[in-house]
Every structure is written in structure tokens, then in C-alpha cells.
Amino acid sequence: MTPSQARAGRALLDWSQTRLAKESGLGLSTIVDYEKQRRHISEIARNLIREALVDAGIIFIDPNGEGPGVRLRKENFEADVAERASKALRAIKSKDEKA
């Protein structure tokens, strides 16, 4: 897992660095420093970050000629789309009620 993959995975989950720190059991400074490539972190810490992201639905894609990447597991993606649609509908209804 690269720092870029960690950032991208977090973005797909809409997680803050603080949330990733909590979910992985690491300090916030470890997450920040790793993602910004300020320092090398231990293999154990990197595995904890990866495990937290995988448990939340991230799939890591190994380099295959195009470079490494991440994606959200299908069931997580479908749930995310449904949640976003529901939020959008609630916002529209709320606007209509105010008008």
C-alpha cells in the first residue's frame, strides 16, 4: 500500500485522517506523516492502516501496468450510492417544506 492509496481509500470512504487513526488504532501524527510521506512508518503500522481500510470496504489494486489503485467493494459502493441519493432527497424535501 502506498501513501496515495491510503489517501484515495480514505476519500472513497469519506473518512478523515482522524477517523483512520481511530479505526487503525494509530496516532493521528502517524497517519498524517505517512500520507504526506514525511517519514517511513513501520510495516506493522502500515498493515494496521491497510487492514482498517480493507475492513471498511476498500480493495487495493496492485500495479498492473497502470500503477496501483483502490476501489470500493461493490456492496459498499451500492450502499454509498443509496445513502447519497437518500440524503439528496431529504435535502430537496426540506427545501420544498421551507418554501
Side-chain angles (χ1 to χ4, degrees):
M1 176 187 66
T2 67
S4 297
Q5 285 177 299
R7 287 192 307 272
R10 228 178 16 83
L12 284 171
L13 296 169
D14 197 24
W15 280 10
S16 64
Q17 289 176 322
T18 302
R19 172 86 185 265
L20 180 54
K22 179 183 173 194
E23 297 293 333
S24 64
L26 297 169
L28 177 59
S29 64
T30 300
I31 303 298
V32 171
D33 289 350
Y34 177 65
E35 287 188 356
K36 291 188 175 191
Q37 301 180 41
R38 289 184 184 158
R39 66 179 166 106
H40 292 284
I41 63 171
S42 71
E43 186 175 336
I44 292 169
R46 195 170 27 259
N47 286 339
L48 288 170
I49 293 169
R50 182 184 179 101
E51 187 176 300
L53 293 169
V54 167
D55 287 349
I58 295 299
I59 297 171
F60 287 88
I61 303 166
D62 292 327
N64 58 3
E66 296 293 327
V70 296
R71 70 174 178 234
L72 198 54
R73 265 195 314 256
K74 183 178 179 182
E75 60 270 15
N76 291 75
F77 174 75
E78 290 170 349
D80 185 53
V81 168
E83 182 180 336
R84 288 178 193 221
S86 178
K87 283 181 182 178
L89 286 173
R90 284 193 304 270
I92 291 168
K93 285 180 183 178
S94 177
K95 242 183 190 179
D96 288 345
E97 290 171 359
K98 290 178 183 177

Trainee: Under 4.5 Å between side-chain heavy atoms, counting indirect links through other Ile/Leu/Val/Met/Phe/Trp/Tyr residues: same cluster for Ile44 and Val54 or not?
Mentor: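 Yes; tracing contacts between hydrophobic side chains, which count when under 4.5 Å, links both residues.
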
Trainee: So which atom in Val70 and which in Gly9 form the shortest heavy-atom distance, rounded to 0.1 Å?
Mentor: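 For Val70 versus Gly9, the nearest heavy atoms are CG2-N, 3.8 Å.
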
Trainee: May I ask you to check whether Arg19 and Ser16 show a side-chain donor-acceptor distance below 3.5 Å?
Mentor: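 The criterion, which ignores hydrogens and geometry beyond distance, is not satisfied for Ser16 and Arg19.
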
Trainee: Any chance CZ of Arg71 has more than 12 other-residue heavy atoms, nucleotides or ligands included, within less than 6.0 Å?
Mentor: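 Counting other residues, nucleotides and ligands, CZ of Arg71 stays at 12 neighbours or fewer.
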
Trainee: Can you tell which of Leu26, Leu48, Ile31 makes a side-chain contact (heavy atoms from CB on, under 4.5 Å) with Leu20?
Mentor: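 Answer after filtering Leu26, Leu48, Ile31: Ile31.
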
Trainee: Which atoms form the tightest heavy-atom contact between Ala45 and Ser42, and what is the distance?
Mentor: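 That would be N-OG, 3.0 Å.
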
Trainee: Is the shortest side-chain heavy-atom distance between Ile58 and Leu72 below 4.5 Å?
Mentor: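 In contact.
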
Trainee: Quick one: side chains of residues 33-41, donor-acceptor pairs under 3.5 Å with protein atoms, not counting sequence neighbours, listed by atom name and distance.
Mentor:
from: Asp33; atom 1: OD1; to: Arg38; atom 2: NH1; distance (Å): 3.2
from: Asp33; atom 1: OD2; to: Arg39; atom 2: NE; distance (Å): 2.8
from: Tyr34; atom 1: OH; to: Met1; atom 2: O; distance (Å): 2.7
from: Glu35; atom 1: OE1; to: Arg10; atom 2: NE; distance (Å): 3.4
from: Glu35; atom 1: OE1; to: Arg10; atom 2: NH2; distance (Å): 2.8
from: Glu35; atom 1: OE1; to: Gln17; atom 2: NE2; distance (Å): 2.7
from: Glu35; atom 1: OE2; to: Arg10; atom 2: NE; distance (Å): 2.8
from: Arg39; atom 1: NH2; to: Thr30; atom 2: OG1; distance (Å): 3.3

Trainee: Has Arg46 got a side-chain atom pairing as donor or acceptor with Pro3's backbone, closer than 3.5 angstrom?
Mentor: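 Flag not set: sc Arg46 to bb Pro3 has no pair under 3.5 Å.
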
Trainee: Work out which heavy atom in Gln5 is nearest to a heavy atom in Pro68; give both atom names and the distance.
Mentor: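 Closest approach of Gln5 to Pro68: NE2-CB, 3.5 Å.
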
